[in-house]
**Student:** 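Supplied in C-alpha cells, the structure appears directly below.
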Amino acid sequence: MYKLCLNSRDELLIIDLAKIAYFQANGNYTHLSYMRGETRLLTVGLSKVEEYIRRSWPGDVPSPFVRMGRSLIINQTYLTEISVLKQKITLSDCSGHSHSLSVPKPLLKNYKERINELYLNKISNE
C-alpha cells in the first residue's frame, strides 16, 4: 500500500495511508487520525499533506482521499454514512472503530450528490 515519509530536522515519520481515517487542519499544523484511534500532530499544513498524498499516488489509480473544505481530508474507503441534517459524516472500518466528523451542510450536500452519482454510474455500467 501507499505510504508517506515525512522527514523533518528532528524526526522521520512513515504514514501508512491505508490506515488513515482523516487529516484535519489545526492552524499551520495537521492532526492525522488512524482508523483505530491513534493520532499524530504533523508539523505541516493541510495543503502540504494534500500535495504529498497526490504525489504518492500513481496517476492511473484514483486516490481514496477527498478534501472536504478548508480543514478536512477524509479517506472515503471508510465512508459509511453522510447525514446532511446532522451535518455529520461517519467513517468506520465495521470492526468497532468509527469516527464522526462535523462538516458544513453545503459541503455535505454536494459530496452526497457526487457519491450517489458515482454509485449510480457503477450500477448502470454493470
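Since the model is a prediction, treat every value here as computed from it, not as a measurement.
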**Student:** Where do Ala21 and Leu91 come nearest, in terms of heavy atoms and distance?
**Tutor:**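 Scanning both residues, the minimum pair turns out to be O-CD1, 3.3 Å.
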**Student:** Locate the shortest heavy-atom distance separating Asp16 from Lys3; write the atom from each residue and the value.
**Tutor:**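 In terms of heavy atoms, the two residues are closest at CA-CG, 4.0 Å.
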**Student:** Decide whether Ile115 and Leu101 are clustered together by the hydrophobic rule: side chain heavy atoms of Ile, Leu, Val, Met, Phe, Trp, Tyr closer than 4.5 Å, transitively.
**Tutor:**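 Yes: a chain of side-chain contacts under 4.5 Å links Ile115 to Leu101.
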**Student:** Is there a donor-acceptor contact under 3.5 Å linking the side chains of Tyr111 and Gln76?
**Tutor:** yes
**Student:** Pairing donors with acceptors under 3.5 angstrom, does anything connect the side chains of Ser8 and Asp10?
**Tutor:** no
**Student:** Are Pro58 and Tyr2 packed together at the side-chain level, in the sense that at least one heavy-atom pair is separated by less than 4.5 angstrom?
**Tutor:**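 Yes, their side chains come closer than 4.5 Å.
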**Student:** Pick from Leu4, Ile15, Ile20: which one makes a side-chain contact (heavy atoms from CB on, under 4.5 Å) with Ile53?
**Tutor:** Leu4
**Student:** Taking atom CG of Asn7 as the centre, report whether more than 12 heavy atoms of other residues, nucleotides or ligands fall under 6.0 Å from it.
**Tutor:**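 Enclosed.
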**Student:** Could you go step by step and tell me if Arg67 and Ser47 meet the side chain to side chain contact (heavy atoms under 4.5 Å, CB included) rule?
**Tutor:** CA-CA 10 Å; Arg67 181 89 182 239; Ser47 293; 3.9 Å; yes
**Student:** If you define the side chain from C-beta out and look only at heavy atoms, does anything of Met35 sit under 4.5 Å from Lys19?
**Tutor:** no
**Student:** Apply salt bridge (Lys or Arg N to Asp or Glu O under 4.0 Å) to the pair Glu113 and Lys109, showing each step before the final yes or no.
**Tutor:** CA-CA 6 Å; Glu113 289 170 7; Lys109 191 172 182 180; 5.2 Å; no
**Student:** With under 30° as parallel and over 60° as perpendicular, where do the rings of Phe65 and Trp57 fit, or are they tilted in between?
**Tutor:** perpendicular
**Student:** Under 4.5 Å between side-chain heavy atoms, counting indirect links through other Ile/Leu/Val/Met/Phe/Trp/Tyr residues: same cluster for Leu32 and Tyr29 or not?
**Tutor:**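 No, it is not one cluster - the side chains of Leu32 and Tyr29 are not joined through contacts under 4.5 Å.
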**Student:** Do the side chains of Val61 and Ile73 join up, straight or via other hydrophobic residues, at under 4.5 Å, putting them in one cluster?
**Tutor:**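 Same hydrophobic cluster.
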**Student:** How close do Met68 and Leu108 get, heavy atom to heavy atom, and via which atoms?
**Tutor:**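 Heavy-atom minimum between the residues: CE-CD2, 4.3 Å.
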**Student:** Please confirm whether Tyr22 and His99 have ring centers closer than 6.0 angstrom.
**Tutor:** yes
**Student:** Run the salt-bridge test on Glu38 and Arg40 with the 4.0 Å N-O cut-off and return the result as yes or no.
**Tutor:**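 Looking at Arg40 together with Glu38, the answer is yes, because their closest N to O distance falls below 4.0 Å.
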**Student:** Please lay out, stage by stage, how Cys5 and Leu12 fare under the test side chain to side chain contact (heavy atoms under 4.5 Å, CB included).
**Tutor:** CA-CA 7 Å; Cys5 180; Leu12 176 77; 3.2 Å; yes
**Student:** State, to 0.1 Å, how close Ala18 and Asn75 come at their nearest heavy-atom pair, and which atoms those are.
**Tutor:** O-ND2, 4.1 Å
**Student:** Closest approach of Lys105 and Gln87, non-hydrogen atoms and distance?
**Tutor:**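 Taking Lys105 first and Gln87 second, the nearest heavy atoms are N-OE1, 3.8 Å.
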**Student:** With a 4.5 Å heavy-atom cut-off, do Ser63 and Arg54 have their side chains touching?
**Tutor:** no
**Student:** Can any side-chain N or O of Thr90 pair as donor or acceptor with the backbone N or O of Ser100 at less than 3.5 Å?
**Tutor:** no
**Student:** Shortest non-hydrogen contact from Gly45 to Thr30?
**Tutor:** C-OG1, 3.1 Å
